[in-house]
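Structure first, commentary second.
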2 protein chains.
Amino acid sequence: MIVDAAMRVMGAEGLDAVSMRRVAHELDTGPASLYAHVRDKRELHELMLDAAMRDIPVPEPDPERWQQQLKQLGLDQARIMVRNPGIARIAMETLIPTTPGILVTMDAMLGIVRSSGLPARLVPPACDGLALYVTAFAYEASLWSSAQDSEARKRLEEINAYLDSLPADRVPHLVAMREHFRGEGIDHFEFMLDVFIAGLAAQVNASTSPAAPATEPRTGSRGR
Amino acid sequence: MIVDAAMRVMGAEGLDAVSMRRVAHELDTGPASLYAHVRDKRELHELMLDAAMRDIPVPEPDPERWQQQLKQLGLDQARIMVRNPGIARIAMETLIPTTPGILVTMDAMLGIVRSSGLPARLVPPACDGLALYVTAFAYEASLWSSAQDSEARKRLEEINAYLDSLPADRVPHLVAMREHFRGEGIDHFEFMLDVFIAGLAAQVNASTSPAAPATEPRTGSRGR
DNA sequence: ACCTGAACACCGTTCAAGT
DNA sequence: ACCTGAACACCGTTCAAGT
């Protein structure tokens, strides 16, 4: 009931409104009562994270399709966080979530990357990194949506006006590429997922065929 | 003086201790006095971000070395944020920093990526994405270091104990790869930078030579 | 223009006392 | 075991009043 009430408040008024006092009030009691069921606010946050993320569909790893599967999983994670603004911030703050639902998703990601043929010692770093980027993207996206609509629009106008007034001699590239900054966040995210996965694929090839292979040479960043 | 006092408090006691009241106290005055110089707490944060990031060295873009230059810039940004715990959190929360110091760094990154030959419309998304990942990494790193030492160690032990008790039938990959999770965060970060840059290089090649080239064929993720 | 004291409307958490 | 009222030690921001 506590987690439900907290999720309700977050959905209606954003994560900032989810205080122990506000949640308790929702349940017609005082804040002290919550501490019989929940260690502290951090634990409540972790339970909310689990509630939101528990039902991400996880595929059976298929070595032939690891790239598509990884991208799909990343998109699913981002989608669910963007849909519940506030959850991404909790995920950023939670460091290492240890709640069952999240671990299942992380395990699925490990399974997919493992099936790619990437050396075992690189699989956890790759998954950590990807999960972190997905979370950070969703967090930025929810900053926009969770700000009061009018406030966000005002800030956006301020920024646009500011960008238009930039001195071309101090920041030439910003000025030159100004037009390319307007764009859909989710498209940028998809592009970045592709870039990341292509980079992983290069690592796979580099480790599968350390010497220049005969049939179809591919070059990754060999420099590490 | 206000920004200096705030940086001092953050350095000594962490970002959470940087309240308007605490900073005012540091200056032997009341919290209301600060509002004559600073619009609100968000603006104070932005000024702190600028103070910390203003002197990141920025290279002259060299098309021959864009990969090394990009990696170096990412490492420099991460290093400075990890050195000032709290700055990374401000950077995550600030959405689009509009302060001069930060814009110069962003401009330098745009210049480097532009010199790589990546299509212009992909340059801003790539820089946004890279900057976001760098910031997110530094944020996670500072979560560890900014927690009270004893508290962080306790939490780490809890997590390790928990990971050791995981059921192999529910999360087989987590259990199988457990040993590879212990590792230096900064090494993982460098690996991820390499992966990302290799992915970008693949995109560059894919757009430079859309048909199979003659001399030295390279394959990127052609699928988008 | 800059500063101040006092106030408003909040926080998370603890603790003795109850059932 | 669960709940409660009251309290402790804080927040960001505003505002009338001062210099």
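Every chain is numbered from 1 and lettered A, B, ... according to where its sequence line falls, protein lines coming before strand lines.
- Protein chain A touches strand DNA chain D; the 5'-most and 3'-most nucleotides with an atom under 4.0 angstrom of its non-hydrogen atoms are D:dC3 to D:dA7.
- Using a 4.0 Å heavy-atom criterion, one finds that A:Ser19 contacts the sugar-phosphate atoms exclusively.
- At a threshold of 4.5 Å between non-hydrogen side-chain atoms, the residues A:Met20 and A:Leu44 count as touching.
- One finds the CG atom of A:Leu130 at 9.5 Å from the OH atom of B:Tyr133 (value rounded to the nearest 0.5 Å).
- B:Lys71 places a side-chain heavy atom less than 4.5 Å from the side chain of B:Leu75.
- Nucleotides of DNA chain D nearest to A:Thr29 and A:Arg21 differ in position, and the one nearer the 5' end is that of A:Thr29.
- Looking only at side-chain heavy atoms (C-beta outward), A:Glu46 and A:Thr98 come within less than 4.5 Å of each other.
- Nearest-nucleotide assignment on DNA chain C puts the 5′-proximal partner with A:Arg22, out of A:Ala32 and A:Arg22.
- Nucleotides D:dA9 and C:dC10 have their P atoms positioned 22 Å apart, rounded to a whole Å.
- With contacts defined as side-chain heavy-atom distances shorter than 4.5 Å, the pair A:Pro172/B:Asp107 qualifies.
- Under the 4.5 Å side-chain criterion, counting only non-hydrogen atoms from C-beta, B:Asp128 is not in contact with A:Phe137.
- Counting only Watson-Crick and G-U wobble pairs whose two key distances fall under 3.5 Å, DNA chain D forms stems of three or more stacked pairs at C:4-8 with D:12-16, C:12-16 with D:4-8.
- Of the two residues contacting DNA chain C, namely A:Arg39 and A:Ala17, the nearest-nucleotide position lying further toward the 5' end is that of A:Ala17.
- Inter-residue side-chain proximity for A:Glu93 and A:Arg89 is flagged as met; some heavy-atom pair is nearer than 4.5 Å.
- For the pair B:Val3/B:Met7, a side-chain contact is recorded, criterion being any heavy-atom separation below 4.5 Å from C-beta on.
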